[in-house]
Amino acid sequence: MRRTRAAAAAVTASLLAAAATACGGGTADSGGGSNTAPKELTYWASNQGPDLAADQAVLTPELKKFEERTGIKVKLEVVPWSDLLNRILAATASGQGPDVLNIGNTWSSSLQATGALLPWNAENFAAIGGRDRFVDSAIGSAGAAGQDPAAVPLYSMAYALYYNKKMFQEAGIAKPPATWDEMVATGRLLSKDGKWALGAEGGNLSENIHQAFVFAKQHGADFFDAAGKPAFDSPGAVDAVKQYVDLMAKDKIIAPGNAEYAQNQSLQDFATGKTAMVLWQSAASSFKSHGMKEGDWGVAPVPVPAGGTPGTGTHTNSMVAGINLAVFKNTDNMDGSLTFVKFMTSDEEQKILNKTYGSIPPVKAAQSDPAFATDDLTVLRTTLGTSAAPLPQVPQESQFETAVGTAVKELFADAAAGRPVTAESVKAKLGKAQQQMAS
């Protein structure tokens, strides 16, 4: 789709409200797409690899394959996670968007509420081979319950604890930490001589939300109450965010510089031996791109509270992670967009792309490939099936990510600068975030 590139905008309630009345490129009330540009597509891909160039290298030959088969040229833009949500919301509000785009599965309900995305009804699913090709849990994270999904699953992921085997051996540590008490004790052994125990992305709002959500679950808290109203500054949520930020502020096992990380720098630090552990989704391909070899790292479940093992409720140790593929409803190449989604979710491409990125195919048939039975993917698959929980499927989810993610970012900045991070300061930041949601 040849559209004017929309400027990134802050994610605010007013922008989201505007998006509900202006859907993709074309007129705001057109109600559907067309096929006036059948030989071209614009695709916004998310940054799945170690950097944007790596994603270009992965996707370009696959898109060329699509062009050779269909005659449709795909204009690719890989958008960093720090910009992606803002870019999408600006596009839905302005009417200037791509044809097809990747979205974080946690944004599905928020973007669904704008009306900008093509609903995946029975007819549209039939055009790509049917809804039953996909894993149920992946479809469940593609939109609000009771509505046609706003996207289709592309990559499935969960969080795991990756640890550097050499650094653990040199420190005389026999096994990765299974609880947060063990994490702190182990982390203090590793954080010395200019090296640190744990990497973080304190400047990445989405990453902050994912971690804060899991810690909140472990404290028996949710960021929204049963009525769907924000409860950001509840005692459990405050304790959860403080525990996470205290890994830098009090426990001193995260480097202060990580407060500014937002472009996967923590993965590079891990690969180069600057940090010994990182909490991440499907990180194997990134480590390999930075020169690590299979066997250099180990994979374990994310820690849980003392005395527990991974499970549901207070032993949740991951959000249900994944990337979905969406179509702007008023694309000017509707048939081509559906064909492209069919191509990207085909058994063949699912195996290729998920092998490359170290993620799990949400397409059932592709999961049978032996490549997805490795140790790390077994941990991820087990986590998804037994101890992961979906982020709130509420229309305000994207605003929640921005408001609370920014609060956590600011708290990390305080920790890095040596300013005290107290229960009162955490509650004040989260309370401000809640007020922003209400305004």
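When reading the values below, keep in mind they use all heavy atoms of this one structure, side chains included, and skip hydrogens, waters and symmetry mates.
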Inset, instruction - Determine whether Leu154 and Gln350 make a side-chain contact, defined as any pair of heavy atoms from C-beta on separated by less than 4.5 Å. - result: yes
Inset, instruction - Kindly compute the distance separating CG (Leu117) from CD1 (Ile88), expressed to the nearest 0.5 Å. - result: 8.0 Å
Inset, instruction - Look at the aromatic rings of Tyr357 and Tyr155 and report parallel, tilted or perpendicular, splitting at 30° and 60°. - result: perpendicular
Inset, instruction - Kindly indicate whether the side chain of Asn124, heavy atoms from C-beta on, has any atom under 4.5 Å from the side chain of Asn121. - result: yes
Inset, instruction - Any chance you could lay out the salt bridge (charged side-chain N to carboxylate O under 4.0 Å, His left out) test for Asp347 and Arg133, step after step, and finish with the verdict? - result: CA-CA 9 Å; Asp347 295 353; Arg133 296 180 59 243; 3.1 Å; yes
Inset, instruction - Using atom types as modelled and distance alone, determine if a side-chain donor or acceptor of Thr272 lies under 3.5 Å from a backbone N or O of Gln268. - result: yes
Inset, instruction - Please report the C-alpha distance between Asp55 and Asn47 in whole Å, then the side-chain angles of each, then the deciding distance to 0.1 Å, and finally whether the side-chain hydrogen bond (donor to acceptor under 3.5 Å, both in side chains) criterion is met. - result: CA-CA 7 Å; Asp55 286 305; Asn47 178 200; 2.5 Å; yes
Inset, instruction - Hey, could you give me the CG/NZ distance between Asp414 and Lys429, rounded to the nearest 0.5 Å? - result: 5.0 Å
Legend entry - Asn208 side-chain N/O to Val408 backbone N/O, donor-acceptor pair under 3.5 Å: no
Inset, instruction - Measure from the side-chain N and O atoms of Lys252 to the backbone N and O of Ala249, and report whether any donor-acceptor pair falls under 3.5 Å. - result: yes
Legend entry - Taking every non-hydrogen atom, the tightest pair across Tyr163 and Val299: CE2-N, 3.6 Å
Inset, instruction - Mind checking the NZ-OG spacing from Lys274 to Ser266? Nearest 0.5 Å is all I need. - result: 12.0 Å
Legend entry - side-chain contact (heavy atoms from CB on, under 4.5 Å) evaluation trace for Phe66 with Met344: CA-CA 9 Å; Phe66 175 77; Met344 293 290 281; over 6 Å; no
Inset, instruction - Determine the interplanar angle of the Trp107 and Trp81 rings, folded into 0 to 90°, and report it as parallel if under 30°, tilted if 30 to 60°, perpendicular if over 60°. - result: perpendicular
Inset, instruction - Look only at the side chain of His315 and the backbone of Thr309, and say whether a donor-acceptor pair between them is shorter than 3.5 Å. - result: yes
Inset, instruction - Look at the side chain of Ser368 and the backbone N and O of Ala365, then say whether any donor-acceptor pair between them is shorter than 3.5 Å. - result: yes
Inset, instruction - Using a 4.5 Å cut-off on heavy atoms from C-beta on, say whether the side chain of Ser206 contacts that of Glu201. - result: no
Legend entry - Considering all heavy atoms, the nearest Asp148-Pro119 contact: CB-CB, 4.2 Å
Legend entry - Verdict with supporting geometry, Ser46 and Gln48, side-chain hydrogen bond (donor to acceptor under 3.5 Å, both in side chains): CA-CA 6 Å; Ser46 51; Gln48 301 303 124; 2.6 Å; yes
Legend entry - Residue that, paired with Phe270, satisfies ring-ring contact (aromatic ring centres under 6.0 Å, His included) out of Trp280, Tyr261, Phe287, Trp297: Phe287
Inset, instruction - Would you please test Ser387 and Asn317 for side-chain hydrogen bond (donor to acceptor under 3.5 Å, both in side chains) and show each step? - result: CA-CA 6 Å; Ser387 56; Asn317 67 346; 2.7 Å; yes
Legend entry - 4.5 Å side-chain heavy-atom contact, Leu411 and Val426: yes
Inset, instruction - Measure the shortest side-chain to side-chain distance between Ser110 and Pro395 over non-hydrogen atoms and say whether it is less than 4.5 angstrom. - result: no
Inset, instruction - Can you spot which of Leu391, Ile209, Leu85 makes a side-chain contact (heavy atoms from CB on, under 4.5 Å) with Thr106? - result: Leu391
Legend entry - Side chain proximity check, Pro361 to Gln367, heavy atoms < 4.5 angstrom: yes
Legend entry - Heavy-atom pair with the smallest gap, counting every atom of Ser398 and Leu89: OG-CD1, 4.2 Å
Inset, instruction - To the nearest 0.5 Å, tell me how far Asn354 CG sits from Ser156 OG. - result: 7.5 Å
Legend entry - Enclosure of Lys364 NZ (heavy-atom neighbours >12, cutoff 6.0 Å): yes
Legend entry - Smallest separation among heavy atoms of Glu62 and Phe343, with atom names: O-CZ, 3.3 Å
Inset, instruction - In sequence, state the C-alpha distance, the side-chain angles, and the governing distance for Trp196 and Ile254, and then conclude on side-chain contact (heavy atoms from CB on, under 4.5 Å). - result: CA-CA 6 Å; Trp196 296 83; Ile254 297 176; 5.7 Å; no
Inset, instruction - May I ask you to check whether Ser108 and Asn324 show a side-chain donor-acceptor distance below 3.5 Å? - result: yes
Legend entry - Any side-chain heavy-atom pair of Asp296 and Lys166 under 4.5 Å: no
Legend entry - CE-CE distance between Met157 and Met319, expressed to the nearest 0.5 angstrom: 8.0 Å
Legend entry - Gap separating the CG atom of Leu101 from the OG1 atom of Thr42, nearest 0.5 angstrom: 11.0 Å
Legend entry - CG (Asp375) with more than 12 external heavy atoms under 6.0 Å: no
Inset, instruction - Would you check if Val394 and Ser109 make a side-chain contact, meaning some heavy-atom pair closer than 4.5 Å? - result: no
Inset, instruction - Could you tell me whether the side chain of Ser425 and the main chain of Thr422 form a donor-acceptor pair under 3.5 Å? - result: yes
Legend entry - Identified side-chain contact (heavy atoms from CB on, under 4.5 Å) counterpart of Lys351 within the set Val363, Thr356, Asp369: Asp369
Inset, instruction - State, to 0.1 Å, how close Pro303 and Pro177 come at their nearest heavy-atom pair, and which atoms those are. - result: CG-O, 3.8 Å
Inset, instruction - Mind listing the closest non-hydrogen atom pair of Ala262 and Ser82 along with its distance? - result: O-CB, 4.4 Å
All N/O donor-acceptor pairs, side-chain side in residues 182-190, below 3.5 Å, sequence neighbours left out:
residue: Glu182; atom: OE1; partner: Ala178; partner atom: N; Å: 2.8
residue: Thr186; atom: OG1; partner: Glu182; partner atom: O; Å: 2.9

Inset, instruction - For Lys229 and Phe224, run side-chain contact (heavy atoms from CB on, under 4.5 Å): C-alpha distance rounded to whole Å, both residues' side-chain angles, the deciding distance at 0.1 Å, then the answer. - result: CA-CA 5 Å; Lys229 295 181 179 180; Phe224 291 86; 5.9 Å; no
Inset, instruction - Answer yes or no for Arg131 and Trp120: cation-pi contact, defined as NZ/CZ to six-membered ring centre under 6.0 Å and angle to ring axis within 45°. - result: no
Legend entry - Lys217 and Asp222 ion-paired at < 4.0 Å: yes
Legend entry - Phe412/Tyr244 under ring pair (Phe, Tyr, Trp, His ring centres under 6.0 Å): CA gap, chis, key distance, verdict: CA-CA 9 Å; Phe412 269 122; Tyr244 180 44; 5.2 Å; yes
Inset, instruction - May I ask you to check whether Thr179 and Asp181 show a side-chain donor-acceptor distance below 3.5 Å? - result: no
Legend entry - Derivation of the side-chain contact (heavy atoms from CB on, under 4.5 Å) call for Leu198 and Thr275: CA-CA 6 Å; Leu198 184 64; Thr275 57; over 6 Å; no
Inset, instruction - State whether the number of non-hydrogen atoms from other residues, nucleotides or ligands found under 6.0 Å of Lys409 atom NZ is greater than 12. - result: no
Inset, instruction - Could you label the plane-to-plane angle of the Phe400 and Phe232 rings as parallel, tilted or perpendicular, counting under 30° as parallel and over 60° as perpendicular? - result: tilted
Legend entry - salt bridge (charged side-chain N to carboxylate O under 4.0 Å, His left out) between Arg87 and Glu77, intermediate numbers included: CA-CA 12 Å; Arg87 289 280 302 278; Glu77 181 179 357; 3.1 Å; yes
